[in-house]
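Here's the structure we're looking at; comments come further down.
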Amino acid sequence: MLDKRYILDNPELVQQNCEARGLRADVPRFVQLETQCRTLQQEIEELSRQANVVSKSIGQAKDEAERESRKEEGRRLREQKEAKQAEHDRIAAEAGAIYRSLPNMTHPESPRGGEDASGEIRRGATQVVPMRFPVLDHVQLGEQHDLIDFEGGARIAGHGFYFLRNEAALLELALQQYAVETLLKEGFTLAVTPDLARGEILAGIGYIPRGPETQIYSVENFDLNLVATAEITLGGLYAGEVIDADKLPLKLCGISHCFRTEAGAAGRASRGLYRVHQFTKVEMFAFTLPEQSEDMHNYFCDLECQIFDGLGIPYRVLDIASGDLGGPAYRKFDLEAWMPGRGDGGEYGEVTSASNCTDYQARRLNIRYKVKGEKGTHLVHTLNGTAVAISRALIAILENCQQPDGSIIVPEVLQKWVGKERIGAPRAEEE
RNA sequence: GGAGAGGUGGCAGAGUGGUCGAAUGCGCCGGUUUGCUAAAUCGGUGACCGGGGUAACCUGGUCCGCAGGUUCGAAUCCUGUCCUCUCCGCCA
């Protein structure tokens, strides 16, 4: 959420920002309602003050008649207060609906416009080399080497679920190990997090469970939801806390399963593992001082690049355009890996993303920091980034590492965990 | 899952209807004392939302896990809920 004070002081900027993000929001209406709320709030506080004075005087009143008349006055004041409060609450509810729909402000350098406006800012160390043989996609490769069982997944849980088998299961573990090893060297604190979370935590991060079109699976009869990312649990971990400033920045990484309904996503390019209902992800999360968040954002992006460079996968990095940013993000970088089997002759597909959410999530989750010796507290900044999302990384690995002979070379950094250099026997040289 | 106990300031811990934002101790900040350190001693020390002031500061409201309720008035009484602890049950 944005700072209400900031909205009142800068309504034009906020309105422009909504437009840049392709959202309709009635900022002037919010300003009007919020101003009314503040006036009412003051009237309510004044009535409360008077009632408090009366209440305190009752204890000291000597005779019974006096006591009764003051009680009556107290009752009257509280009733007036209640009436004002009801009016206040009604207006606040309308203001709140607009307020919650307002996205974070946008980094000045983020490209303005829709999805197509996102700008490439970087390429990976590995070049895209054209493959001079019939290229298979990961679904075909998975079938050929008995790596992915979509039919089995569908039988158990429906479309969008799958079994990883044999080397694909080993690759899942290897990718987790590789990502974690990389992050531990960088001083991240590692956690395996809950795969379910309460509704209020999801809402704090910016998800809306149990609504129409929700991306979130909910558990019947419990206030529990399957998490869509460990960002939810890692960010929620410090909800309501005040962190010592000298402990910042806090760098966490979490391993979790991620569950997404993908409501409304039918029809989009979603063959095979690309858009599934469950996958495993190693996520980075940071709590920082405000002045540290921009550097941390670049650092997350660097780490994501380092991980994919290490795998030898070609990729590009996009600075996501204003119109394609989610609500909490101030700026977002996506890594798109080259997927030779995607589309017609290969396409880039999103594999990771890193967002700087500034104080937007922290305000909602009430996560603050305190500088020792200084008065008051301030909101932290939060950032999240994907270290590795297994399902999409698998697509990139299988498709990029396929050989003319049909086998798949295991990226060198993963070989120690997979236990082999190659999936499938190299086909004998043609005579 | 069953039975019991409990959740109070940064921490520990008093407080069972008004004079309680809350004793006391620890911690922290500042002063005094001291050759340094330590000790002693004095004073100060919560958060959030408003109003006033250039500012130091003054001032109103709210907050005793959370949400409701009773009452003129709730940390205190009632209901629900979450969490913690002990015992029992179950279980990888």
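Since the model is a prediction, treat every value here as computed from it, not as a measurement. Protein chains get the first letters and strands the later ones, always in sequence-line order, with residue 1 at the start of each.
- Nucleotide B:A75 has no partner under the Watson-Crick or G-U criteria, as no pair reaches both atom distances under 3.5 Å.
- In this structure, A:Tyr315 and A:Phe308 have perpendicular ring planes: the angle between them is above 60°, well past the 30° mark.
- Separating the C1' atom of B:C88 from that of B:G13 is a span of 31 Å, rounded to the nearest Å.
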Under the side-chain contact (heavy atoms from CB on, under 4.5 Å) rule, what do A:Ile243 and A:Leu250 come out as? Steps first, then yes or no, please.
-> CA-CA 10 Å; A:Ile243 305 170; A:Leu250 279 177; 4.1 Å; yes
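- Comparing the same atom, P, in B:C77 and in B:G6 gives a spacing of 11 Å after rounding to whole Å.
- With sequence neighbours excluded, the residues satisfying side chain to side chain contact (heavy atoms under 4.5 Å, CB included) with A:Arg363 are A:Met1, A:Asp3, A:Tyr99, A:Asp359, A:Leu379.
- Map A:His378 and A:Phe222 each onto its nearest nucleotide of RNA chain B; the residue landing nearer the 5' end is A:Phe222.
- Within 4.0 Å of A:Arg38, counting heavy atoms only, lie sugar-phosphate atoms of the nucleic acid but no base atom.
- Residues A:Lys370 and A:Gln42 each lie close to RNA chain B; by heavy-atom proximity, the contact nearer the 5' end of the strand is made by A:Lys370.
- Checking B:C11 for Watson-Crick or G-U wobble geometry (two distances, each under 3.5 Å) identifies B:G25 as its partner.
- When the P atom is compared between B:G21 and B:C26, the two are found 25 Å apart, to the nearest whole Å.
- Atom pair A:Asp244:CG and B:A47:P shows a separation of 13 Å (rounding to whole Å applied).
- Taking only side-chain atoms of A:Arg198, from C-beta outward, the nucleotide of B:C82, B:A47, B:G50 with the closest atom is B:C82.
- In this structure, A:Met1 places its CE atom 12 Å from P of B:C49, rounding to the nearest Å.
- B:G25 and B:C66 have their C1' atoms separated by 29 Å, given to the nearest Å.
- The ring-ring contact (aromatic ring centres under 6.0 Å, His included) search around A:Tyr369 returns A:His378, not counting sequence neighbours.
- Shown here is A:Glu143, whose CD atom has no more than 12 heavy atoms of other residues, nucleotides or ligands within 6.0 Å.
- Within the cation-pi definition used here (under 6.0 Å to the ring centroid, within 45° of the axis), A:Arg392 does not qualify as a partner of A:Phe279.
- Pairing for B:U32 goes to B:A40, judged as Watson-Crick or G-U wobble with the two contacts each under 3.5 Å.
- In a base pair of the Watson-Crick type (N1 to N3 plus N6-O4 or O6-N4) or a G-U wobble (N1-O2 and O6-N3), with each distance short of 3.5 Å, B:U86 is matched with B:A3.
- Using a 4.0 Å cut-off between a side-chain N of Lys or Arg and a carboxylate O of Asp or Glu, A:Glu79 and A:Arg76 do not qualify as a salt bridge.
- Look at B:C91: it lacks any Watson-Crick or wobble partner with both distances under 3.5 angstrom.
- For A:Asp26, the side chain to side chain contact (heavy atoms under 4.5 Å, CB included) test picks out A:Pro28, A:Arg29, with sequence neighbours left out.
- Residues that satisfy the side chain to side chain donor-acceptor pair (under 3.5 Å) test with A:Asn52, not counting sequence neighbours, are A:Arg78.
- Using Watson-Crick or G-U wobble geometry with both donor-acceptor distances under 3.5 Å, B:A56 finds no partner in any strand shown.
- Rounded to the nearest Å, the gap between the C1' atom of B:G65 and that of B:A75 is 12 Å.
- Going from the C1' atom of B:U24 to that of B:U8 covers 14 Å, rounded to whole Å.
- The gap from the C1' atom of B:U32 to that of B:U19 amounts to 35 Å, rounded to the nearest Å.
- Applying salt bridge (charged side-chain N to carboxylate O under 4.0 Å, His left out) to A:Arg70 and the options A:Glu68, A:Glu73, A:Glu66, A:Glu72 leaves one that passes, A:Glu66.
- Pairing for B:C64 is absent, with no Watson-Crick or G-U wobble pair whose two atom distances lie under 3.5 Å.
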In B/S/- notation (B base, S sugar-phosphate only, - none; protein heavy atoms under 4.0 Å), nucleotides 6-13 of chain B written 5' to 3' is --------
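- The aromatic rings of A:His277 and A:Phe161 sit tilted, their planes meeting at an angle between 30° and 60°.
- If you take atom P in B:A23 and the same atom in B:G43, they sit 15 Å apart, rounded to whole Å.
- Searching all strands for a Watson-Crick or G-U wobble partner of B:U70 with both distances below 3.5 Å returns nothing.
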Summary of protein contacts for nucleotides 53-79 of chain B, nucleotide by nucleotide, where a base hit scores B, a sugar-phosphate-only hit scores S (4.0 Å, heavy atoms) = -------BSS---------BS------
